[in-house]
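Structure record follows, encoded as structure tokens.
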2 protein chains.
Amino acid sequence: MKSTKQRNVILDIINNSYDHLDAYGVYEEARKKIPNISLGTVYRNLKALEDANLIDAVFDGADKLRYDRKTWHQHFICTRCHKIIDIYDLGFEQIDAYKNNKVMNYKIILEGICEECQKEE
Amino acid sequence: MKSTKQRNVILDIINNSYDHLDAYGVYEEARKKIPNISLGTVYRNLKALEDANLIDAVFDGADKLRYDRKTWHQHFICTRCHKIIDIYDLGFEQIDAYKNNKVMNYKIILEGICEECQKEE
DNA sequence: CCTCTAACTAGTAATGATTACTATTTAATT
DNA sequence: AATTAAATAGTAATCATTACTAGTTAGAGG
């Protein structure tokens, strides 16, 4: 992976933001540094950085992917407004009630390489 | 919510499938019962059924929403082929290694109504 | 340094999942 | 049975994302 000005700016934006930006939000931020950066470049790099495990992608529960720094934390997602709230201090015993947010459901998603894909390596 | 033939068929398909169908997959199944059912009807009802908490939506990690019955379970999602595997017996102590699948990451997503949205009620 | 080339970029067009729209039909209440 | 709000089929539109193309650049090897 080559190190380009565009890629570095994008990684920087994600690493310094707590806003769970979507691709267009990253694009808007990036234009402040590189005014003629292309939206396609933003999408391509977000995907490349995610594949390289340098950033995380979070689905907002509605219709869009949002991007997030790698610092270990979990998420609370509001099913009404689709706001994403970071959780740093989640103990399993508190899954049912997280602070003042009404938890209706929780999902534990394991991500990795399935057996079949491992065989193909 | 009115009870229609279309809605009942769609709910039935989800409740009797272990395939994590996407909207188009549900559409194809539904057409076996109602040949001229409209794709828009499928989308509208999937969303309505999800809002009514009768079915679940799962993001496949790539680009599509898939629908799932409400039976309590968790998911393993392959980051390579985006296969979704049901997990019924997840203990927290085994999060790091789930059967023969290589778990690279896990996400705990709490879903509910955030403080601000609660105030608006 | 200089050359070379694979990887990258900007800009634009295309794709594909999802939503919106419209005229018609239907569930279910009075 | 009459009424009507909600639902439907079919189609058009939207919008997030990806693909394409011609030109540019990072960085490896001489």
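Since we're looking at a predicted model, the values are computed, not measured. Within every chain, numbering begins at 1; the chains are lettered A, B, ... in the order of the sequence lines, protein sequences first and strands thereafter.
- At a threshold of 4.0 angstrom between heavy atoms, the contacts of A:Asn45 are confined to the sugar-phosphate backbone, with no base atom among them.
- Between the CD1 atom of A:Ile37 and the P atom of D:dT25 there is a distance of 14 Å, given to the nearest Å.
- In this entry the distance linking CG of A:Asn36 with P of C:dT12 reads 12 Å, nearest Å.
- For the pair A:Val42 and B:Met1, nearest-nucleotide mapping onto DNA chain C gives the more 5' position to A:Val42.
- Phosphate proximity of C:dT18 to B:Lys47: absent, as no side-chain N or O sits under 4.0 Å from OP1 or OP2.
- Between the CG atom of B:Leu39 and the C1' atom of C:dA17 there is a distance of 9 Å, rounded to whole Å.
- One N or O on the side chain of A:Arg7 and one on the backbone of A:Lys2 form a donor-acceptor pair closer than 3.5 Å.
- Here the P atom of nucleotide D:dT25 and the NZ atom of A:Lys5 are 9 Å apart, to the nearest Å.
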- Task: Evaluate side chain to side chain contact (heavy atoms under 4.5 Å, CB included) for A:Lys70 paired with A:Ile14, printing each intermediate quantity in order.
- Result: CA-CA 9 Å; A:Lys70 266 288 176 188; A:Ile14 300 297; over 6 Å; no
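- Across all strands, B:Arg7 comes closer than 4.0 Å only to sugar-phosphate atoms, never to a base (heavy-atom distances).
- A close approach under 4.0 Å does not occur between any side-chain nitrogen or oxygen of A:Ser38 and OP1 or OP2 of C:dT12.
- Relative ring orientation between B:Tyr88 and B:His73 is described as tilted, the plane-to-plane angle lying within the 30° to 60° band.
- When the side-chain nitrogen and oxygen atoms of B:Arg44 are compared with OP1 and OP2 of D:dT8, one or more of them lie within a distance under 4.0 Å.
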- Task: Determine, stepwise, if the pair B:Val58 / B:Leu65 fulfils side chain to side chain contact (heavy atoms under 4.5 Å, CB included).
- Result: CA-CA 6 Å; B:Val58 197; B:Leu65 271 179; over 6 Å; no
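- Between B:Leu65 atom CG and C:dA17 atom P there is a gap of 12 Å when expressed in whole angstrom units.
- Within 3.5 Å, a donor on the side chain of A:Lys2 pairs with an acceptor on the base of D:dT25, or the reverse.
- Distances shorter than 4.0 Å separate none of the side-chain N or O atoms of B:Gln6 from OP1 or OP2 on C:dT26.
- Under a 4.0 Å N-O distance rule, the pair A:Arg69/A:Asp86 qualifies as a salt bridge.
- Separating the CG atom of A:Asp60 from the C1' atom of C:dT18 is a distance of 14 Å, rounded to the nearest angstrom.
- In this entry the distance linking CZ of B:Arg31 with C1' of D:dA9 reads 13 Å, nearest Å.
- Checking the phosphate oxygens (OP1, OP2) of D:dA9, a side-chain nitrogen or oxygen of B:Thr41 falls inside 4.0 Å.
- Note: OH (A:Tyr43) to P (D:dA19) measures 13 Å, nearest angstrom.
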